Structures are given as C-alpha cells and as structure tokens.
Amino acid sequence: MPSVKSNNCWSTIHGMDTRRLDLNLLVTLEALLSEQNVTKAAARLHLSQPAVSAQLSRLRDLFGDALLIPSQRGMTPTSKALELLAPLRQALDHVRSTVVAQAFDPATAELTVTIACTDYLQAAVVLPLVIALRARAPAVRVALRHLDLSQLEAQMARGDVDLALMTPSVAPQTLRTRPLFDERYVLIGRRKHPHLRKAMTVAAFVDLEHVIVSLRGGEFDTAVDDTLALLGHRRKVVLSAASFLSVPEIVARSNLVALVPQRLVRGRAYQLRSVEPPLPVEGFAVGMVWHERNHGHSGQRWFREALLASAD
C-alpha cells in the first residue's frame, strides 16, 4: 500500500523518515493500541500472530519507542503510544472516509444492526427509531440482545454485537463511545390518581404504595430508600418488578406509583400522570458504544447518526 506522508496529524513525530511508514503499519498500530494484545490484534486484522509481532518490531524501530510493554493482562501502551492514538485514529478515519467506494443509501441498501441494551432502552429508544425508519430505510433490520457488560468487548470483537446503548463511563476503554442524552426519573401514577400532586412532599410520597424495579431480582430497596432513611422516612414498597417495561401498565391499572426513566412514559399522558419526585433522584447518562471494526463502515455510521438524531 502507498506510504503515508507527514501531515499536521503527525506533528508529534520528529526526525522520522516517513517514506518508511506505510499504511499497513499504521493500521496495525491502531489495532494494537485498541486491543492491547497481539493475539487479539492479529485476529482483528486477519493476520497471523508472528506477522503482527514482526510489524510491531518495525513500528518500534520507526518510532524509537517500545510503544507497547508486556503486562499480566496483555500489553500496556507507553506514554508516546497514548500520545499517538488520537492523531493516528484521525488520520486513518480520514483515509477510510476518502476511499469508501459508495455512500450508504438507506432507501435501497440492506443492513442488519445488532444492538445490545436494557429493556428500557429497547422500548424508549430503539423501538421508536425502528418505526421511524420503516419508510426511510425499508431494508434495514435491527436485532436486539440483552446487554452483558462482562461479554460486550468480546461480542463486539467477534461481530456478534454492532452497537451498545449504555452508560458510556462503564464501557471498556478499547471501545468507542458517543453521548446520546442524560436521563432523569419522574414519579408516575394513573392519570386520575387521587393523591398524586405536582408539589409532592416527602411525607406524601412515602404514604403512597410503590413499585420498584430490581434488576438483580427480588429486592425491595433502592438508592432512593437509602436517601429516605437519612431523612427519617420509609416508603411502602408492595411490588418489586424485574423490568421497567411492565411498570407503566401496572401503575395505570392501580393506585400504585413508581419512579421510572422519563423517556419510558413519553406519549402516555392519556394513561399516566408524571410529576417531579419530592427528593433528589440521581439520573444517568446514555450513550452509544461500538468497536473499531465498525467505525468506518458507511452503513453502521449512517445508523449511528440516525440514532443520534432520533434521541434528541
């Protein structure tokens, strides 16, 4: 492949003969810095481990730096390697976008995107997008999987998952992230609930009968109950649900109330009433997470942009 001439992205490289630096080596360096493991980088590049090791040796010679140092869990980047990562990705992203032979046409192109996320995000974010895209992108399909954070990095490296929706701060560092929105909690009850008011007091709040969601199952306390205890209050929790999805329907058919993510109950004013909680309830950030292997794919890039626009 052609050699890469020096440019502004490589202002950190001094005294290097860039005629010796070809694109194959840069792609290998990007994979090594992302995976921090020669075996994983080789699998990602569809090369043998000895071939990648040989290219790493050439890279060390070219940069005059070890770049990656063996450690117990793979390899640790040196300070110089970390300094190179951002301009390296910028340069390669520019090359990828330049050489894409054909732009993704959502009206005609076939694409399947596998998304891992919680059931709440499936209902609140993915489902509205899929419905909206039926006219724009009739051959785009979405496969949903439950989010398993412990397996996510490996699933993405294998291509089993294309995109994850989750809190970006807990994503593996080797994956790319992009913020979508900040979510907050609201207190919901049925539309004609006799005791749900806009200006709820804590005392009135704890007098209500509550549904909570226990993602681990069977628990009747959350961080909200810890806050209430500090204030000298205790609420009555009568139902511990395993999922947010069933909670709006349960609340709509009873005098129970629940704290739920606000986006989950958008468009349900005909059935539910939402008010601000009378005490601070910490929200959470939601973002997109994806693997480097999908970063330059025109269809995947188009889907991420569509999701970003839909989430506004």
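Quick caveat: nothing in here was measured; it's all calculated off a predicted structure.
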Please round to the nearest 0.5 Å and tell me the distance separating atom OG of S243 and atom CG of D119. 3.5 Å
Is the shortest side-chain heavy-atom distance between V211 and V257 below 4.5 Å? no
Salt bridge check: are E292 and R89 linked by an N-O gap of less than 4.0 Å? yes
Inter-residue atom distance Q49.CD - T39.OG1, 0.5 Å rounding: 3.5 Å
Please answer whether the main-chain N or O of A285 pairs with a side-chain N or O of T167 as donor and acceptor at a distance below 3.5 Å. yes
Check G299 against F104 and note the closest heavy-atom contact, atom names and distance. CA-CD1, 3.4 Å
Hey, any chance M156 and L144 share a hydrophobic cluster, counting ILVMFWY side chains that come within less than 4.5 Å of each other, even indirectly? no
Ignoring hydrogens and geometry, is there a side-chain-to-backbone donor-acceptor pair from R191 to Y270 under 3.5 Å? yes
Looking only at heavy atoms, what is the nearest atom pair of H193 and H195, with distance? ND1-N, 3.0 Å
Tell me whether R134 at atom CZ has more than 12 heavy atoms from other residues, nucleotides or ligands lying less than 6.0 Å away. yes
Counting N and O atoms only, with roles assigned by atom type, does the side chain of E153 sit under 3.5 Å from a partner on the main chain of T174, one being a donor and the other an acceptor? no
Consider only side-chain heavy atoms of I, L, V, M, F, W and Y, link residues closer than 4.5 Å, and tell whether L231 and V237 are in one cluster. no
V186 and side-chain contact (heavy atoms from CB on, under 4.5 Å): which partner among V265, L272, V275? V265
When rounded to the nearest 0.5 angstrom, what distance separates CG in L59 from CG in D65? 11.0 Å
Students often mix this up, so state it plainly: with edges at 30° and 60°, are the rings of W290 and H295 parallel, tilted or perpendicular? parallel
Less than 4.0 Å between a side-chain N and a carboxylate O, is that true for D225 and R235? yes
Taking side chain as C-beta onward, heavy atoms only, is P77 less than 4.5 Å from L67? no
Check this for me: R158, atom CZ, are more than 12 non-hydrogen atoms of other residues, nucleotides or ligands nearer than 6.0 Å? yes
Do D160 and R145 make a side-chain contact, defined as non-hydrogen atoms from C-beta onward lying under 4.5 Å apart? yes
Flag side-chain contact, heavy atom, 4.5 Å: F303 against P106: no
Kindly indicate whether the side chain of L88, heavy atoms from C-beta on, has any atom under 4.5 Å from the side chain of L26. yes
Lys/Arg-Asp/Glu bridge criterion (N-O < 4.0 Å) met for R44, E35: yes
Would L259 and I250 show up in the same hydrophobic cluster when neighbours are defined by side-chain heavy atoms closer than 4.5 Å? yes
Hey, does D182 have a side-chain heavy atom less than 4.5 Å from the side chain of V286? no
Got a donor-acceptor contact below 3.5 angstrom from the R263 side chain to the V125 backbone? no
Any donor and acceptor pair, going by atom type alone, linking the side chain of S57 with main-chain N or O of S53 inside 3.5 Å? no
Please determine whether side-chain contact (heavy atoms from CB on, under 4.5 Å) holds for the pair T28 and L45, giving the CA-CA distance in whole Å, both sets of side-chain angles, and the decisive distance to 0.1 Å. CA-CA 7 Å; T28 297; L45 296 166; 3.9 Å; yes
Taking the inter-plane angle between the rings of H210 and F205 on a 0 to 90° scale, is it parallel (under 30°), tilted (30 to 60°) or perpendicular (over 60°)? perpendicular
Go through the steps for R268 and Q271 under the test side-chain hydrogen bond (donor to acceptor under 3.5 Å, both in side chains), then give the verdict. CA-CA 5 Å; R268 301 187 71 163; Q271 189 182 35; 2.7 Å; yes
Distance-minimising heavy-atom pair for R273 and L196: NH1-O, 2.9 Å
Please determine which of D162, V130, V161 meets the side-chain contact (heavy atoms from CB on, under 4.5 Å) test together with V113. D162
Do the side chains of L228 and R234 get nearer than 4.5 Å, heavy atoms only? no
Do V38 and L84 sit in one hydrophobic cluster, given that two such residues count as connected whenever their side-chain heavy atoms are within less than 4.5 Å of each other, even indirectly? yes
Between S254 and L256 (side chain of the first, backbone of the second, donor and acceptor by atom type, cut-off under 3.5 Å), is there such a pair? yes
Quick check against the 3.5 Å criterion: does K80 have a side-chain atom that pairs as donor or acceptor with the backbone of F63? yes
Pair L208-M200, side-chain contact (heavy atoms from CB on, under 4.5 Å): steps then yes or no: CA-CA 11 Å; L208 299 172; M200 293 284 296; 3.6 Å; yes
I would like to know whether I115 and L165 meet side-chain contact (heavy atoms from CB on, under 4.5 Å); could you show each step before the answer? CA-CA 7 Å; I115 302 175; L165 304 181; 4.1 Å; yes
Between R178 and E305, is there a side-chain N and carboxylate O pair less than 4.0 Å apart? yes
Should the pair E282-R184 be classified as a salt bridge under the 4.0 Å nitrogen-to-oxygen rule? no
Give a yes or no on whether R60 atom CZ has more than 12 heavy-atom contacts from other residues, nucleotides or ligands under 6.0 Å away. yes
Kindly say whether Q300 contributes a backbone atom to a donor-acceptor pair with the side chain of H297 at under 3.5 angstrom? yes
Let's go through R141 and E110 carefully: what are the C-alpha distance in whole Å and the side-chain angles of both, what is the deciding distance for salt bridge (charged side-chain N to carboxylate O under 4.0 Å, His left out) to 0.1 Å, and is it a yes or a no? CA-CA 8 Å; R141 304 185 304 174; E110 295 183 358; over 6 Å; no
Would a 4.5 Å heavy-atom cut-off, applied to side chains only, mark R176 and N294 as touching? no
Test side-chain contact (heavy atoms from CB on, under 4.5 Å) on L127 and Q122 and set out the steps. CA-CA 6 Å; L127 181 57; Q122 290 178 20; over 6 Å; no
